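What follows is one structure encoded as structure tokens, with my remarks underneath.
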Protein chains: 2
Amino acid sequence: MLQTGSRTTTREAIHSAAARLFQDQGFSRTTVRQIAAAAGTDPALVIRHFKSKELLFLETMHLTIDDEPLLDAPLEHLGERLAELLVELDGPARGVFLALVRGSNEPQIHERLRDTHEHVFIAPLRRRLSGPDADVRARMAAALAGGLLYALWVAGDEGLLRTDRTELVSRYGALFQGVLTPRSG
Amino acid sequence: MLQTGSRTTTREAIHSAAARLFQDQGFSRTTVRQIAAAAGTDPALVIRHFKSKELLFLETMHLTIDDEPLLDAPLEHLGERLAELLVELDGPARGVFLALVRGSNEPQIHERLRDTHEHVFIAPLRRRLSGPDADVRARMAAALAGGLLYALWVAGDEGLLRTDRTELVSRYGALFQGVLTPRSG
DNA sequence: GACGGGGAGTCAACATTGTTGACCGAACTT
DNA sequence: AAGTTCGGTCAACAATGTTGACTCCCCGTC
């Protein structure tokens, strides 16, 4: 009654087709009819399953990154680990991040981006820090991280894109480290 | 023939109405009919004057910032000046920046954002720097700047928004300074 | 075993979007 | 005075997201 095999298959076909298309083309350039065609079904069915294009977007576009390299890194190497993590980041994460940023004209997508920034970038760093200004330092490091992804992916700075990755990791690692660890401590 | 008073008035009415609406609502949420209504004219006329909604957007959304505080600042205070400039930034610049970022799903808008990043953020800093890695340092500072605006405006980090502005200027000023001036120089 | 109900699927329609073409009118040129 | 050019108006077009009516099939109940 709740699922007879074919039903969830269709729903999941829509889900995965939407995920792929949204990652590749963003929110506005992806049409419900495209999603339906890619899933081999009908546009009306897409809406029936997910209420609206925007809700389907929110249900498919979840940004997560692998925390582990940060959690078990010694504090004095946290900066470099974070830089490595970000510079090597790619694949679905790139598409989801871009879709969230570029779709944030829609209020609900904007809220999702705000949440993502808080829970994916700020929170993991905040947990490793202490001291009265720990919160500001975590938020600044998150702003640095967002700035790196912004420069590489959103603005598309070709100079940075051409820069040697190990140099980028080293430079940004030092930056992160300086922000995360207390002044000259 | 080229302008008989009323013609440029209408064209400029469209231009300024579009600028205001695009800044407030972004590209996708602003409709040609809205612009026409705000300018007291017809949707078809909007297209006739500017060829397309996207070209109208590109003609109205130019991001510029006042360079002077950077040009005449002594090198050792460049970082703080830049931080001041960014933290105090607001008004049209905010709307234009957000519209460019969120509209960058459209290839031409993306290209405009790329150009803006290159000419508004990177170039002025690059001119003040020298040394073999001057280019990378300028691009990293620009990425930091983009990250600050990203965190404040795009992601909407409420923690940073609540942070005392002078503290933000001081912290980011030091960051900029460390990136702009050569290692331990 | 027949029957009814509910949910998946299909089709056509709706309002809204950006854009185009046909027509109108006035003003400037010759 | 005639004609051309250009701004303005109106209606229409295709494409978009979304909704409603209808069909069909599977399940549980008499």
Side-chain angles (χ1 to χ4, degrees), chain A residues 1-22 24-61 99 102-109, chain B residues 1-22 24-61 99 102-110 112:
Chain A
M1 181 183 295
L2 264 178
Q3 36 198 43
T4 77
S6 146
R7 296 179 188 174
T8 57
T9 295
T10 292
R11 196 190 150 90
E12 284 178 7
I14 295 174
H15 186 99
S16 75
R20 185 171 48 82
L21 289 169
F22 281 141
D24 289 353
Q25 312 181 341
F27 180 73
S28 63
R29 296 181 71 86
T30 301
T31 107
V32 172
R33 284 169 173 83
Q34 262 180 22
I35 298 172
T41 177
D42 192 275
L45 214 30
V46 174
I47 298 296
R48 263 247 279 252
H49 274 304
F50 294 91
K51 295 296 179 189
S52 77
K53 179 186 172 186
E54 193 170 351
L55 287 178
L56 171 56
F57 179 90
L58 290 173
E59 203 143 325
T60 50
M61 296 288 103
R102 292 174 171 162
S104 63
N105 234 340
E106 313 294 322
Q108 303 199 53
I109 300 182
Chain B
M1 177 185 297
L2 264 180
Q3 37 199 39
T4 79
S6 148
R7 296 179 189 175
T8 57
T9 295
T10 292
R11 195 191 152 90
E12 283 179 6
I14 294 174
H15 187 99
S16 74
R20 185 170 48 82
L21 287 169
F22 281 141
D24 289 354
Q25 312 181 342
F27 180 72
S28 63
R29 295 181 72 84
T30 302
T31 129
V32 172
R33 285 168 172 84
Q34 262 181 20
I35 298 172
T41 178
D42 192 275
L45 214 26
V46 174
I47 298 296
R48 262 248 279 252
H49 275 303
F50 295 91
K51 296 296 179 189
S52 77
K53 178 187 172 185
E54 193 170 352
L55 288 177
L56 172 56
F57 180 90
L58 291 172
E59 203 143 325
T60 50
M61 297 289 102
R102 292 173 171 161
S104 64
N105 234 342
E106 313 293 323
Q108 304 199 52
I109 299 182
H110 179 239
R112 166 65 57 84

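Here the structure is a predicted model, which means the values were calculated and not measured. Just so it is clear: chains get the letters A, B, ... in the order the sequence lines come, proteins before strands, and each one is counted from 1.
The two residues A:Ser28 and A:Lys53 come nearest to each other via the heavy atoms O-NZ, 4.0 Å. What you find for A:Phe22 and A:Ala99 is that their closest heavy atoms are O-CB, 3.8 Å.
Scanning for salt bridge (Lys or Arg N to Asp or Glu O under 4.0 Å) contacts around A:Glu54 gives an empty result, with sequence neighbours left out.
By the 4.5 Å heavy-atom criterion applied to side chains, B:His110 and A:Arg102 are counted as neighbours. B:Leu56 places none of its side-chain heavy atoms less than 4.5 Å from the side chain of B:Val32.
Note: NE2 (B:His49) to C1' (C:dT19) measures 16 Å, nearest angstrom. A:Glu54 has its CD atom 18 Å from the P atom of D:dT16, to the nearest Å. Atom CD1 in B:Ile14 sits about 13 Å away from atom C1' in D:dT9, given to the nearest Å. For A:Lys51 and D:dG17, the NZ to P distance is 18 Å, given to the nearest whole Å.
B:Thr60 places no side-chain N or O within 3.5 Å of a backbone atom of B:Ala18 that could act as its donor or acceptor partner.
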Heavy-atom contacts, protein to nucleotides 10-18 of chain C, under 4.0 Å, summarised as B (base), S (sugar-phosphate only) or - (none) per nt, yield SB-B---BB
